[in-house]
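Report on one structure; see the data block that follows.
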Amino acid sequence: MDFTAGRLAVTILTLLSLTFSAMAARDLAETFPSTPPAVPASIQVPRYQLVHTVFAKGHQFYQFNGSAWLQFNATAKLYDIQNHEVGSHFYLPKRDALGGQPTWQSLPSKGVPYFSSVTCRPVSSVVVDKASISWVLLETTRSEGDRKYFGEVALVQRYETKGGLAPTSKQARAGAIRKSRYTSFYSFYVNSSSDFQHH
Ligand SMILES: *[C@@H]1O[C@H](CO)[C@@H](O)[C@H](O)[C@H]1NC(C)=O
Ligand SMILES: *[C@@H]1O[C@H](CO)[C@@H](O)[C@H](O)[C@H]1NC(C)=O
Ligand SMILES: *[C@@H]1O[C@H](CO)[C@@H](O)[C@H](O)[C@H]1NC(C)=O
C-alpha cells in the first residue's frame, strides 16, 4: 500500500515539476529578484560584492529518526536569468573540517566555461513564509576553481524559497527517507576587498 501511494506521489510530483518547468522558462526572467535582493536584516550582506544570482529547482531530503524528520541533503539544478543551466547544488557526503556541507558547483558549459565550487556552513536563518523552508545566510568553508564563478565566493544567501518543508506525518518507520520539492534563489558574494571583476 505504501509502495502504491509512493508511486502515485512520485507521478504527481513529476507532473507538477513538468508543469512547473514550462512556467519557469517563461516567467523566470520576470521573477528574478532585484539587485541586491530584498532580504530581512538578519541575512543581509552589507560589506560584500554580489557576483551571481541563480534560480534553483530541486529537492530537500529528510530522514525519519523515529520521532522527527531531519534534513540531511538537498539537490537542485541552478539556472541563470536566461534559464540556462549553470550548475548544481548538493550536500557533500560528510561535513568538511570547518563544518561546511552544502555545496554549489558550476558546470563547464556555454554560460560558465570553467569548473568551480563553493562549500558553506549556515550562519543565520529566518522564516519568511511558514509554508516554505527558511531563508539562510551561509559562509564559505572551502572554494575552488574559476574565480569568475564560485571560486572566490565568501557568502551565499538562500531566499525567496518555495516549498521544501519536512513531511508532517509521523506515520513512518525509523530510517525512512522522503524528498520535498523546493525552489529558491541563491545569491553569491565575494569579499568587497577582492579584485574580482564582474562580467
Ligand atoms: C530525533 O531528532 C530529534 C530532533 O533533533 C531529537 O530531539 C530526537 O532525540 C531524535 N530521536 C532519536 C531517536 O534519535
Ligand atoms: C546528496 O545527494 C547527492 C546526489 O545524489 C549525493 O551525491 C550526495 O552524496 C548526497 N549527500 C548526502 C549528505 O547524502
Ligand atoms: C572574506 O573575508 C573574511 C573576513 O575578512 C575572511 O575571514 C574570509 O576568509 C574571506 N573569504 C574569502 C573567500 O576570501
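The figures here come from the full heavy-atom set of this structure, side chains too, leaving out hydrogens, waters and symmetry mates. Whatever order the structure lists ligands and atoms in, that order sets their numbers, starting from 1.
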Next on the checklist: Please classify the Val153 to ligand 3 contact at 4.0 Å (heavy-atom distances, strictly less than): side chain, backbone, both or neither.
Outcome noted: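 The part of Val153 near ligand 3 is the backbone, not the side chain.
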
Checklist entry - Who else is in Phe72's hydrophobic cluster (ILVMFWY, side-chain heavy atoms under 4.5 Å, direct or via others)? => result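 Members other than Phe72 - counting any ILVMFWY side chain reachable under 4.5 Å - are Phe61, Ile177.
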
Checklist entry - At their closest point, which heavy atom of Pro167 faces which heavy atom of Trp69, and how far apart are they? => result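 What the structure gives for the nearest pair is O-CD1, 3.3 Å.
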
Checklist entry - Shortest non-hydrogen contact from Gln105 to Ser117? => result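 For Gln105 versus Ser117, the nearest heavy atoms are CG-CB, 3.7 Å.
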
Below 3.5 Å only, please: the N or O atoms of ligand 2 paired with protein N or O atoms, distance on each line.
unit_1   : atom_1 : unit_2 : atom_2 : d
ligand 2 : 2 (O)  : Asn73  : ND2    : 2.4
ligand 2 : 11 (N) : Asn73  : ND2    : 2.9
ligand 2 : 11 (N) : Tyr91  : O      : 2.9
ligand 2 : 14 (O) : Asn73  : ND2    : 3.2

Checklist entry - Is there a chain of hydrophobic side chains (I, L, V, M, F, W, Y, each step under 4.5 Å between heavy atoms) that links Val45 to Val128? => result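 Yes.
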
Item to check | Leu70 neighbourhood, listing ligand 1 atoms whose heavy-atom distance to it stays under 4.0 Å | outcome: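 Per the distance check, 2 (O), 4 (C), 5 (O).
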
Item to check | salt bridge (charged side-chain N to carboxylate O under 4.0 Å, His left out) pairs, two or more places apart, involving residues 65-75 | outcome: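 Every candidate salt bridge (charged side-chain N to carboxylate O under 4.0 Å, His left out) pair involving residues 65-75 fails, so no pair, neighbours aside, qualifies.
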
Checklist entry - Which residues pass the side-chain contact (heavy atoms from CB on, under 4.5 Å) test with Ile133, sequence neighbours left out? => result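 Testing Ile133 for side-chain contact (heavy atoms from CB on, under 4.5 Å), a comparison that skips the adjacent residues, returns Gln60, Tyr62, Arg158, Thr161, Leu165, Tyr182.
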
Checklist entry - Does ligand 1 have an atom that lies less than 4.0 angstrom from a heavy atom of Gly66? => result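 So Gly66 does not count as touching ligand 1.
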
Checklist entry - Between Asn191 and ligand 3, is there a nitrogen or oxygen pair with a distance under 3.5 Å? => result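 N/O-N/O distance under 3.5 Å: yes.
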
Checklist entry - Do Ser106 and Ser116 have side-chain N/O donor and acceptor atoms under 3.5 Å apart? => result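 Yes, Ser116 and Ser106 have a side-chain donor paired with an acceptor closer than 3.5 Å.
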
Item to check | Any side-chain donor near an acceptor of the partner, Thr141 and Asp96, under 3.5 Å | outcome: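 Note: Thr141 and Asp96 side chains meet the donor-acceptor criterion.
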
